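No experiment lies behind these values; they were computed from the predicted model shown. Only heavy atoms go into these numbers, but all of them, side chains included; no hydrogens, no water, no symmetry mates.
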Amino acid sequence: MRETPRPQGTAGDAGPELPQRRPGRAFAHTTGASGSGTPHRSDGRSPQTPRGVRQTGPTGRPGTTPPVPGRPALLLSLALSLLALFALTTWQVAADGPLRGLDERTGRAVVGHGPARLTEFLADLGNMQIALPVLGCAIAWALVRGARREPLLAALTMGAVPLLVVPLKVWVARPGPLTDATGHFPSGHAATAAVAYGAAALLVAPYVRRSWSWVMPAAAVLLTTATGIGLVLRGYHWPLDVLGSWFLCGPLLLPLGLSCRSRRRSSSRTPRC
């Protein structure tokens, strides 16, 4: 059987021309070897990054490379900033710096203001008899819901408060606004309130409807702030005593906060019947 002779092209024939570069278009794609029409890069790499390999951003959408820092990185930066503020506050109080003088003038100006019963009640929110039962109820609730690591972290965080606060009180030996007795920096009542109410809010938040999840941290901040105001207005502590405790306790709550955030994300991905 004869084969159909192939036409031989010459220089004068008007045959197919070589592809020309077009402005604004890439020249690195050719048709696949199988003839399927799927474009391939001239260097052998895939024309697109596979979806499973793409880095995702904090919201779960495909992100950039390198990945954009997420919320854990922001929380770590916040914790380091609080530790730096605590170091600055401690140095000013211990070294009798200008910040301590401003703090004592402010404390003397506001002490005794406000209704006595109300300010006393606010200061009592930092007592262990009130704050610890609140944290205990939150720990029990988390245990009933199946959490194990988070309740343990909350208990360890609360136990770390006296281990850190008591030696600092002895070392700084700062007298109070209305007494010459030392041991007022940092405030133990302010630290107890910050950790107890903050940890309780973190433990309960993963099990609250997402639309109401802001209520728990807002309540913790409100109770902690109210305790600090009561302590200053009643003359139990200077303002920097309270602020120093808040600066110290913020980083203490970071591991618990990251663990509770991970639990909320895993529970949100679990399909519900």
Inset, instruction - Could you tell me the separation between the OG1 atom of Thr224 and the CD1 atom of Ile229, rounded to the nearest 0.5 Å? - result: 11.0 Å

Inset, instruction - Identify the two heavy atoms, one from Gly244 and one from Phe86, that lie closest to each other, and give their separation to 0.1 Å. - result: O-CD1, 3.2 Å

Inset, instruction - Specify the closest pair of heavy atoms between His189 and Leu231, including all atoms of both residues, with the distance to one decimal. - result: CB-CD1, 3.8 Å

Legend entry - Connected via hydrophobic side-chain network under 4.5 Å: Tyr207 and Leu258: no

Inset, instruction - Begin from the C-alpha positions of Leu256 and Leu203 and carry the test side chain to side chain contact (heavy atoms under 4.5 Å, CB included) through to its verdict. - result: CA-CA 8 Å; Leu256 177 61; Leu203 287 173; 4.1 Å; yes

Legend entry - Single-linkage hydrophobic cluster Leu163~Val166, side-chain heavy atoms < 4.5 angstrom: no

Legend entry - Gap separating the CG atom of Asp124 from the OG1 atom of Thr227, nearest 0.5 angstrom: 9.5 Å

Legend entry - Test side chain to side chain contact (heavy atoms under 4.5 Å, CB included) applied to Thr89 and Phe185, step by step: CA-CA 10 Å; Thr89 304; Phe185 180 90; 3.8 Å; yes

Inset, instruction - Say whether, by atom type as modelled, one donor and one acceptor occur between the side chain of Trp238 and the main chain of Arg105 under 3.5 angstrom. - result: no

Inset, instruction - Could you pull out the closest heavy-atom pair between Ala116 and Arg234, with the gap in Å? - result: CB-NH1, 3.6 Å

Legend entry - Flag, side chain of Thr225 to backbone of Leu222, donor-acceptor distance under 3.5 Å: no

Legend entry - Thr182 and Lys169, any side-chain heavy atoms less than 4.5 Å apart: no

Inset, instruction - Please identify each residue that fulfils side chain to side chain donor-acceptor pair (under 3.5 Å) with Arg149, with sequence neighbours left out. - result: Ser259

Inset, instruction - Using the side-chain contact (heavy atoms from CB on, under 4.5 Å) rule, pick out the option among Leu99, Leu240, Asp103, Leu88 that qualifies with Val93. - result: Leu240

Inset, instruction - Any chance you could measure Thr90, atom OG1, to Leu248, atom CG, to the nearest 0.5 Å? - result: 8.0 Å

Inset, instruction - Answer with yes or no whether the hydrophobic clustering places Leu122 together with Leu178; edges join I, L, V, M, F, W, Y residues whose side-chain heavy atoms lie under 4.5 Å apart. - result: no

Inset, instruction - Mind checking the NE2-CG spacing from His113 to Leu233? Nearest 0.5 Å is all I need. - result: 8.5 Å

Inset, instruction - Determine, using the 4.5 Å side-chain heavy-atom cutoff (strictly less than), whether Met128 and Val134 are members of one ILVMFWY cluster. - result: no

Legend entry - Minimum-distance pair of heavy atoms, taken over all atoms of Val165 and Gly188: CG1-CA, 4.1 Å

Inset, instruction - Kindly compute the distance separating CE (Met158) from CG (Leu252), expressed to the nearest 0.5 Å. - result: 9.5 Å

Legend entry - Distance-minimising heavy-atom pair for Gly176 and His184: N-ND1, 3.4 Å

Legend entry - Verify same cluster id: Leu202, Leu78 (apolar side-chain graph, 4.5 Å): yes

Legend entry - Any donor-acceptor N/O pair, Arg148 side chain to Leu143 backbone, under 3.5 Å: yes

Inset, instruction - Measure the shortest side-chain to side-chain distance between Val208 and Val215 over non-hydrogen atoms and say whether it is less than 4.5 angstrom. - result: no

Legend entry - Expected output: side-chain Ser245 to main-chain Ser187 donor-acceptor under 3.5 Å: yes

Legend entry - Shortest non-hydrogen separation from Ala138 to Val204 and the atoms involved: CB-CG2, 4.0 Å

Inset, instruction - Give, for atom OG1 of Thr157 and atom CG of Leu254, the distance between the pair rounded to the nearest 0.5 Å. - result: 10.0 Å

